[in-house]
Amino acid sequence: MLKVHSRCDLSCDHCYVYQHADQTWRDRPVRMSPATVRAAARRIAEHAREHGLPVVHVVLHGGEPLLLGAAGLREVLTELRSAISPWTRLDLRMQTNGVLLDEELCRLLVEYGVRVGVSFDGDRAANDRHRVFAHGGSSHDHVRRALALLRQPAFRSSYAGILCTVDVHNDPDRVYEALLAESPPRVDLLLPHATWDNPPERPGPSGTPYADWLLRIHRRWVDDGRPGSIRLFEALRPGGGGTEAFGLAPADVLVVEADGSWEQVDSLKTAYHGAAGTGFDVFDQSVDEAARHPGVAVRQEGVEGLCATCRACPVVDRCGGGLYAHRWRTGTGFDNPSVYCADLLRLIDGVDAYAKPAHEWSTASPVDELLDDLATGHGSPRTVRRLADDQVAITRMLVAACREVSGPTAAWEVLADLEVTAPTAVRAVLEHPFVRPWLVHRLDPSAGSGVRAAVDPLPALAVAAAVRAGVPVTVDVPVRPDVITVPTLGSLVLPGLRGSAEVTVRPGGFRVRCGSADRTVHLDRSEPSAGWRPTRDVPVPAGRLLIEDDDPYRDCYGQPVAPGLTPSAARALGRTLAEAWQIMHRDVPAHLAALDGALRAVVPLSPDPSRPLRSATARHAFGAVAVTVHPDAETVAVLLVHEWQHAKLGAVLDRYDLVVPGQGPVIRVPWRPDPRPPEGVLQGVYAHLAVTQVWRARAAADGGSAAEHADRYLAWTRDGADALLASRSLTAAGERFVERLRHALEETRVGSR
Ligand code: SF4
Ligand code: SF4
């Protein structure tokens with residue numbers, strides 16, 4: 001963190017830089033000199049080089065960094081880029097109050113790939129409670145104007161999010177709504193800085209007003225389907241990864257003050273005068289030397305660096321003792337729990353307990369309604385649409401995360417522009433089931449895909465969206481040897497493709513050039529262009545169902561997928577699928593209604609004579625199921641209903657904890673010889689409920705062996721559900737879900753189709 005300017009144009013009364021214990025700013029230079037910037041940049045570059053760091057994050061901070069002006073800011077950014085970029089990826093950030101942000105500065109930030117967090121405390125009353133000019137005037141309109149600038153397509157790549165300091169006097173609902181109205185990519189909610197010497201104000205009778213306030217927002221956020229990212233709540237979930245304020249991850253922040261001093265995290269300024277100091281500076285000491293300072297080193301020790309109370313705390317792995325500065329007490333130093341300890345405990349408990357059973361809530365929440373609807377066995381098309389929306393939201397977050405990895409690119413700009421001008425085209429691409437596996441693979445190449453190279457997906461996604469929107473653009477797209485795949489549209493086989501190809505989207509198609517390879521694909525002609533393999537589909541009542549035998553990221557099922565089908569095999573599979581649709585309509589129309597339109601692709605699995613009948617879903621590929629090619633449509637109908645249950649439940653589990661994370665025994669189930677973890681049993685029970693409903697309907701129509709199948713699946717489902725309920729491994733929401741599912745099962749037993 002570089003304190004490039006040590007003064008501010010606002011005069012917030014909660015500011016830890018000017019209003020708290022530390023007053024060292026008074027003796028600092030007003031702005032960081034070019035010599036100090038150069039020395040800091042060299043130290044950072046030296047550290048990245050010596051440790052082979054893949055990325056370094058540099059945050060321009062203050063005071064107010066925009067007080068440097070465009071020319072001063074450019075000097076700093078140029079120095080940082082030229083010194084550090086040769087050695088590592090430089091992720092540049094800025095924290096600003098936004099007051100001075102204008103188009104010229106935005107262009108500069110975009111040019112240097114700087115991502116900007118804006119301090120903003122919510123609605124006008126909330127923001128102006130603290131965030132005012134020295135004359136007392138409101139900053140609200142100024143900051144909102146800055147946020148509107150950052151939302152413009154040209155500048156949106158520089159919009160990192162909003163940082164909001166909590167004040168429990170503010171109305172949490174109004175703050176929540178005001179923050180989301182600014183469409184921030186991320187919201188950070190910060191507890192106001194306080195210590196045991198200067199504890200936080202605690203108005204009202206509650207012993208945990210900060211937890212109460214935050215939990216009100218948490219509940220709104222979850223009930224709204226978690227629109228956008230609120231880092232505090234994501235970090236607090238089990239396995240959420242933590243932040244500087246939570247969790248046990250080693251501290252990885254050092255501050256360079258305006259005079260070149262190395263300092264510890266500057267929130268320490270709230271503890272006592274000089275608390276953040278190390279006695280080192282960038283001219284004489286390296287990053288490693290500064291990081292050996294005891295105040296930094298103790299924060300590398302995880303739980304061992306905490307006080308005895310925190311070490312014994314049941315939620316220490318998630319809380320981590322809270323923000324380091326908040327532990328300060330004269331006499332015992334930082335060897336204390338956070339002054340917010342009671343709030344933190346209550347907050348973690350409240351986040352976990354969010355999905356309470358209905359009898360503990362005044363009314364059923366939207367989440368309960370969603371789960372109750374799915375527990376009927378099928379769920380309504382509206383509920384499934386909601387799950388699909390959730391999945392697209394996750395995919396969007398992954399796209400943003402990939403952009404973080406790749407840095408600003410033309411492809412990102414194309415996607416960002418199309419998101420505004422042609423959102424339907426972008427959504428059609430992001431809904432493709434194999435986009436998310438590709439994004440996940442890019443972010444974590446070890447995540448299960450058969451594809452080796454973790455190439456950037458964004459260029460191909462941009463081309464696919466631009467083709468769909470009919471918008472002319474040119475993008476460099478990474479290719480496989482001799483093949484370029486445009487998700488949702490098809491693949492072009494073109495000998496000579498290597499590395500990266502230039503793709504120009506034009507009316508009715510696109511042109512691909514790479515070295516001497518040059519081919520134009522015309523999508524508007526009845527005959528495919530040479531080398532072009534368009535995706536294949538089959539008409540179903542709600543639209544068209546892809547037979548996906550080409551997209552390389554379909555290989556995400558943990559079992560071999562079939563290579564490209566011959567035209568006659570594809571036609572035969574299409575006929576079987578169309579017939580299976582008729583059968584589902586006959587047997588379980590409610591299941592078909594929940595599947596038709598949301599199931600977008602069927603992936604043929606490789607034939608295996610030892611297991612001729614197989615099917616699968618992949619958690620990252622919502623909207624697709626994989627099946628072995630089987631000629632019997634009655635059988636395929638059962639497989640589709642079965643797998644779609646897994647897909648729906650997987651989407652639910654992406655959002656809601658139905659099983660207590662990391663706990664629970666393995667459970668014996670009647671349908672497999674090996675004991676299963678609770679989530680596996682839940683998946684099995686939910687799938688078998690639907691299969692029971694299929695066979696029960698067939699038995700009601702024809703009797704015979706269908707009744708035996710129905711009885712067997714019913715017994716399996718009932719035993720599995722009862723074992724789950726007895727295991728105590730379900731959350732409150734999970735228990736409610738399984739109890740209602742069990743009820744639906746009994747109705748299946750006595751009912752008919
Ligand atoms: S804008 Fe930030 S640095 Fe400036 S006074 Fe407010 S809190 Fe402090
Ligand atoms: S909740 Fe309290 S005791 Fe537990 S880790 Fe956090 S600060 Fe320490």
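Ligands are counted one by one from 1 in listed order, and the atoms in each one are counted from 1 as well. Worth saying up front: this structure is predicted, and the values here are computed from it rather than measured.
The contact set between ligand 1 and Cys15, taken as ligand atoms under 4.0 Å from a residue heavy atom, comprises 3 (S), 5 (S), 7 (S), 8 (Fe). Taking every non-hydrogen atom of Asn97 and a distance limit under 4.0 Å, the qualifying atoms of ligand 1 come out as 1 (S). Of all the atoms in ligand 2, the ones that sit under 4.0 Å from a non-hydrogen atom of Gly321 are 5 (S), 6 (Fe), 7 (S), 8 (Fe). Atoms of ligand 2 found under 4.0 Å from any heavy atom of Cys319 (numbered from 1 in listed order, with element): 1 (S), 5 (S), 6 (Fe), 7 (S). Residue Ser338 approaches ligand 2 through these ligand atoms, each under 4.0 Å from one of its heavy atoms: 7 (S). Within the listing of ligand 1, atoms 3 (S) sit less than 4.0 angstrom from a heavy atom of Gly63.
With Ile162 as reference, Leu147 is the one residue of Val143, Leu147, Asp188 to meet the side chain to side chain contact (heavy atoms under 4.5 Å, CB included) rule. Of the options Gln19, Gln264, Glu263, a side chain to side chain donor-acceptor pair (under 3.5 Å) to Lys269 is made by Glu263 and by none of the others. Only one option out of Arg26, Arg28, Lys3 pairs with Asp259 in a salt bridge (Lys or Arg N to Asp or Glu O under 4.0 Å); it is Arg28.
Looking only at protein heavy atoms, the nearest one to atom 1 (S) of ligand 2 is Leu345 CG, 3.6 Å. Considering only non-hydrogen protein atoms, atom 6 (Fe) of ligand 1 sits nearest to Cys12 SG, 2.3 Å. Closest to atom 4 (Fe) of ligand 2 among all protein heavy atoms lies Cys313 SG, 2.3 Å. Closest to atom 8 (Fe) of ligand 2 among all protein heavy atoms lies Cys310 SG, 2.3 Å. The closest protein non-hydrogen atom to atom 2 (Fe) of ligand 2 is Cys341 SG, 2.4 Å.
Counted by atom type alone, Ser338 and His326 present zero donor-acceptor pairs between their side chains at under 3.5 Å.
Not one N/O/S atom of Cys8, from backbone or side chain, sits under 2.8 Å from atom 8 (Fe) of ligand 1.
At least one heavy atom of Leu10 sits closer than 4.0 Å to an atom of ligand 1. At least one heavy atom of Arg131 sits closer than 4.0 Å to an atom of ligand 1. Contact analysis leaves Gly62 out of contact with ligand 1, as no non-hydrogen atom separation drops below 4.0 angstrom.
Note that CG of Leu60 and CG of Leu80 are 6.5 Å apart. Values are rounded to the nearest 0.5 Å.
Within 6.0 Å of the CZ atom in Arg42, the count of heavy atoms belonging to other residues, nucleotides or ligands does not exceed 12. Counted within 6.0 Å of CZ on Arg311, heavy atoms from surrounding residues, nucleotides or ligands total more than 12; the atom is thus considered enclosed. More than 12 heavy-atom neighbours from other residues, nucleotides or ligands sit within 6.0 angstrom of CZ on Arg329.
The six-membered or imidazole ring of Trp221 lies away from that of Tyr176, with a centre-to-centre distance of 6.0 Å or more.
Taking the charged nitrogens against the carboxylate oxygens, Asp173 and Arg220 do have a contact shorter than 4.0 Å, which makes a salt bridge.
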